[in-house]
Every structure is written in structure tokens, then in C-alpha cells.
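Beneath this line is the structure, given in C-alpha cells, with notes to follow.
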Amino acid sequence: MKRFGLFIGGKWVSPSSRKYFPSINPATEKPIARFASGSEHDVKHAIEAAEAALPQWRKVPAPKRGQILLKFAGLLRRDKEPLARLVSTEMGKVLPEARGDVQEAIDIAEYMAGEGRRLFGHTTPSELPDKFAFTMRVPLGVCSLITPWNFPLAIPAWKTMPALVCGNTVVFKPSSDTPMCAARFVELLAKAGVPPGVVNMVTGSGEELGEALVASPKVRGVSFTGNKQTGAWIAKNAGVKKVGLELGGKNAIIIMDDADLDLALQGVLWGAFGTTGQRCTAASRVIVHEKVKKEFEHMLVRKASLLKLGPGTSPSTDVGPLINKKALEKVHYYTEVGLGEGAKLLLGGRPAKGKGFFYEPTIFSDVSPKMRIAREELFGPSLSIISASGVEEAIKIANSIEYGLSSSIYTRDISNAFRAIEGIEAGITYVNSSTIGAEVHLPFGGVKGTGNGAREAGWTGVEEFSEIKTVYIDFSGKLQKAQIDN
Ligand code: UN1
């Protein structure tokens, strides 16, 4: 079986532990390849390589750095099909979605390549004569990028592309569930012309590597997408540096009594069971107007019961496996919690028989907003239906959780739509569309427990990975004192 080391200073090197772990195909439970169990010592080595590469890389003109990203986008495009197959095999999502994962990486690479010719600052008048003031963007320095498995190419690209175009160097720590996708990702970056040391990859246990990646004073930026416990730990341990956190959601779709129910049905199926519910943006709550609740439930259960479980690589599959055994156990644990809380199970509620981490699409009704299944992120194909008597109550329920990433309302009434846009506490609100489907040129992130204000992608992705330098140029030839001489 193929064995991968750590990618440090442009070379594959053995981990100091000499130990390796397998990456598992979640549909078959068979290993795909073996990956290095890195140690703190390896992370230090990677940070040193990134530090050494920084002075030269930050001096490369940003449009030139952008050209390398564009080349990378071209390589992803060339290899889109094999990469999508790899995503589907290693992570489990169905092939069309795996192609979307690769496409999202291509999109952000192209977008950030263009940023190489913008990276705008401001110019503004000085309060004194013969004095000029402007701002410019400078890189943070070495950045640690810690990524999840659910978008094994797109999320590393969301972080790496802005980091690179801004002139940072990177230590990349992918999830141990999808290291093969990460290995292909760094190989293609090197092929596109990213110089040695600019992107380094360490694999292994987050518990083992976390502190070295996050707390090191040599690291000036940390970007993390994952669970809230790890996010809270990072916030506590990072010290004084720029930290971007994206920590999940419990996203709601509101369905009003004036909604197009067929359209809402498609949105709910896609939001709740697409990617087997394993998106931060997945819809795990439906808040439906009491007048249409029965009808909508009936429509939903009929369609959801037809969804076919299977390996992501098989064309007949609608819903792929969960990522691993722990995830399967977690989803089932919440089924038991829901039953214990008195919610009504309409569909599913158990693991599928046979090999692989498959769980039946699960729907609970008569869920009250206080129940744990209505508040806690379970990251799987399990949906809670809550009823509401009107738009204000629906918004209140939508907001009654600690998260605030995505949200959606189905309505034909413009005032309901605007009430939701204004009232829902979330970083993203969709109208007449599901909770998933963020595009790379718009800011992505959440409020409340979802994050710390960082917005990935779009122009804000550049803000995450750069600092502002303010420059004053005095060409008066004399000492001018601001606030005093004028
Ligand atoms: C995530 O699950 O962390 O909007 C990212 C979406 C995708 C990105 C999801 N474009 O669902």
C-alpha cells in the first residue's frame, strides 16, 4: 500500500515517529493508503521551512503569485475527474458533489489569482499640506491552516489561495480522514510552481500537533474550520495572532404557509441529506408554518424514503456514507436522544446493514426548540421539524440556538422575506433556496457560536490573510505635527 510522508520544504520526508496511519474508504471500510503520524517536532520543522521561504515569497509581485494560482486552477481543471473520484472514495460524497468540491477549489483559485492584481488599499488626504497618506496590504507571515474532511479540496483551497496571494507561507494540517486529497492538493501546488517551503503539509493527530501549530509565536495567523470544542481551544491557546474560526451550525429552513411547497421540498431534501448532512451549512431544522405542516411532512417523508444509500462513486447513490464510525455513532446517539425527548420519528433512525458507515435518512417531527436534537450539531442525515404560527415566531425559533452560520426562508411574500433577512441571526440567509450553495466570491462565515467574525472567501478572504500597513509620506521638508500644526 502506498505510503506518504510529510511535505516539508518542497520534499516528502519521513515523520520523526516513523509511524503511519491509514486513510479509510467510508463506504467499504478498506484502507486507501498510509499517512505519516507527525509529531510536534515535525511541525516545528515545517514552521521553520515556512519561515525560511517567507522573505522571498513575500517579495514576489502579487500578480506573479496570482499567476501561479491560475496555473494551479488549470491543473485542478485538467485533473477534475480523477480528483472528484478520489474525493468521493476517500470522503464518501456522491460524484456530482465531489465534482462540485473540485470546482469550488478551481473557483477560489481563479478568484484569488485575480486578487493578485487588486489587493487594494486606500488613499486618503492628509490633514497637513505636502503630506500623503495611504494603506497597503502586507502578509501576516507563517499561517497554520487546519481543515476538515467534509470539503477535502474546497476548504484547503479557500484558505490556501488567499494566504498565498497575500504573500504568506503556510503549514497545512488536513483532517486525518482525508489526507490523500490533501496530498494531491500539495503535489499540484508544487507542480503549479509554488516554491519549496511556501506550502508545507503535516499529517497526524490534531491533539498531538495542535499546540505546535497554534501556539507557536512564529505562526502569525491561524485559520480553522471544524468543531466548536477545538475552535474554543484554539481561541484560548493561539495567543496574540490573527485567528479565523468557522465552527459549524444548526441551520434552519423556514417554510411559510405562502411558500411554493414543491420548491421548499427540493431545498429541504438537498439541504438535509445532500453530502449526507455533513456540511456546516446543512439544514438540520425545518421550521414550518403550522397551516402547512401536515402536508409538507407527508410530501417530505414520501420523497426522503426513496433516497438510495450507497457508495458515493456509484451513479445510483443519492446519499453516501458518513465519514467514520464515530460519526455514525454520534448520529445514532442523537436519534436516541430525540426519542428520549419525545420527538416523533417519521423516517429512518438506524444505521444501514452491512459494511460502510451508512445511516438511514432520518426525520423527526413534533420537535420543540428546547430539545437537544433542535439545538446541537450532529453532522449527519437527520432533520428536526418544528412548527411555528407565523414568521416572527419562526425567526425566534431559528435564533434560539448558539450557532449562526446559514439560514433560509421559503415564502412568496416579500415582507416575510425581508423580516427573515433582517431578523435571522446568521452569516448567510437564502430566500427561496436551501441553506447550502455558498459561492466563492462572497464572504462566508457566521455569527454567535459559529465563529469569531472572520469571513472566508471573497474580498474578505484577503482581509483574513493580510494586515493593513498605514503609510504617511511627508514631502514638505520640515517637521509637521499632526493635531498641533493645523
Ligand atoms: C462547509 O460545510 O464548511 O455552501 C462549507 C456550501 C458549500 C461550502 C460548505 N459551498 O454548502
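Just follow the structure's listing: the first ligand is 1, and inside any ligand the first atom is 1.
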- Query: Does E402 come within less than 4.0 Å of R375, counting only side-chain N to carboxylate O?
  - Reply: no
- Task: Would you check if I254 and I424 make a side-chain contact, meaning some heavy-atom pair closer than 4.5 Å?
- Result: yes
Less than 3.5 Å apart, N/O on ligand 1 and N/O on the protein: could you list those pairs with the distances?
{"unit_1": "ligand 1", "atom_1": "2 (O)", "unit_2": "N150", "atom_2": "ND2", "d": "3.2"}
{"unit_1": "ligand 1", "atom_1": "2 (O)", "unit_2": "C280", "atom_2": "N", "d": "2.8"}
{"unit_1": "ligand 1", "atom_1": "4 (O)", "unit_2": "G437", "atom_2": "N", "d": "2.9"}
{"unit_1": "ligand 1", "atom_1": "4 (O)", "unit_2": "A438", "atom_2": "N", "d": "2.7"}
{"unit_1": "ligand 1", "atom_1": "10 (N)", "unit_2": "E104", "atom_2": "OE1", "d": "3.2"}
{"unit_1": "ligand 1", "atom_1": "10 (N)", "unit_2": "E104", "atom_2": "OE2", "d": "2.9"}
{"unit_1": "ligand 1", "atom_1": "10 (N)", "unit_2": "A438", "atom_2": "O", "d": "3.3"}
{"unit_1": "ligand 1", "atom_1": "11 (O)", "unit_2": "R279", "atom_2": "NH1", "d": "2.7"}
{"unit_1": "ligand 1", "atom_1": "11 (O)", "unit_2": "T281", "atom_2": "OG1", "d": "2.7"}

- Message: Check E467 with R220, please: is the shortest side-chain N to carboxylate O separation under 4.0 Å?
- Response: no
- Message: Under 6.0 Å from the ring centre and within 45 degrees of the ring axis: does the NZ or CZ of R137 meet both conditions for the six-membered ring of W459?
- Response: no
- Query: Taking the six-membered ring for Trp, are the ring centroids of W158 and F151 within less than 6.0 Å of each other?
  - Reply: no
- Query: Do K159 and T225 meet the criterion of a side-chain donor-acceptor pair at a distance under 3.5 Å?
  - Reply: yes
